[in-house]
Amino acid sequence: SVMFWGFITSIGVGQLIECPKRMDSKSYIAILDQAALSSLSKFELIFQHDNCPIHKSFMTQEWLDRFDINTLQWPLYSLD
């Protein structure tokens, strides 16, 4: 299997990045550094994260805080 990270905005789609086979907080932040900041810096960001551990990790939350990126509140047990 292959996993990709990507994003959608009101003006179109963004860059797709292939994820490593094993994702951890460091690899997730590397993807955010590579794609999100360069492509989305002109937008007021609201990230939609689910409750995946790498999205909720201290390291990821610290990165989001450093760049003042808001996240959409996600229910603990989503039906999605």
Side-chain angles (χ1 to χ4, degrees):
S1 70
V2 179
M3 183 170 61
F4 290 92
W5 183 93
F7 60 90
I8 300 170
T9 72
S10 61
I11 62 169
V13 297
Q15 181 179 6
L16 274 180
I17 297 177
E18 186 174 350
C19 298
K21 294 277 186 210
R22 291 192 163 274
M23 286 285 289
D24 60 12
S25 295
K26 284 183 181 181
S27 56
Y28 181 58
I29 290 170
I31 289 170
L32 294 178
D33 280 333
Q34 180 181 349
L37 288 181
S38 63
S39 301
L40 296 174
S41 60
K42 57 187 162 256
F43 297 100
E44 184 177 329
L45 301 178
I46 300 176
F47 267 48
Q48 181 179 346
H49 282 158
D50 57 18
N51 288 316
C52 174
I54 64 171
H55 297 164
K56 294 295 190 180
S57 74
F58 179 77
M59 185 182 287
T60 300
Q61 293 302 311
E62 191 175 64
W63 186 92
L64 293 167
D65 289 343
R66 184 171 3 129
F67 293 102
D68 199 29
I69 297 174
N70 297 316
T71 57
L72 187 66
Q73 294 298 314
W74 200 263
L76 290 178
Y77 298 102
S78 172
L79 299 175
D80 190 15

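Across Leu16 and Gly6, no two heavy atoms sit closer than the pair CD2-CA, 3.9 Å. Nearest heavy atoms, Ser27 versus Arg22: OG-O, 4.1 Å.
Open room surrounds CZ on Phe58; 12 or fewer heavy atoms of other groups in view lie less than 6.0 Å from it. At most 12 non-hydrogen atoms from other residues, nucleotides or ligands lie less than 6.0 angstrom from CD1 of Ile8. The number of heavy atoms from other shown groups lying within 6.0 Å of NZ (Lys26) does not exceed 12.
Here the CZ-CG distance, from Phe47 to Leu32, works out to 5.0 Å after rounding to the nearest 0.5 Å. Note that NE2 of His55 is 7.0 Å distant from CE of Met23, once rounded to the nearest 0.5 Å. To the nearest 0.5 Å, the span separating CD1 on Ile29 from CG on Leu64 amounts to 8.0 Å.
At a threshold of 4.5 Å between side-chain heavy atoms, the hydrophobic network of Ile, Leu, Val, Met, Phe, Trp and Tyr places Val2 and Ile17 in two separate groups. Using a 4.5 Å cut-off between side-chain heavy atoms of Ile, Leu, Val, Met, Phe, Trp and Tyr, with links allowed through other members, Met3 and Ile54 fall into the same hydrophobic cluster.
Counting only distance, with no hydrogens or angles, the side chain of Lys21 and the backbone of Ser1 share a donor-acceptor pair below 3.5 Å.
Glu62 has its side chain out of reach of Asp65: every pair of non-hydrogen atoms, C-beta onward, lies at least 4.5 Å apart. Two residues are said to be in side-chain contact when any heavy atoms from C-beta on lie closer than 4.5 Å; Tyr28 and His49 meet this criterion.
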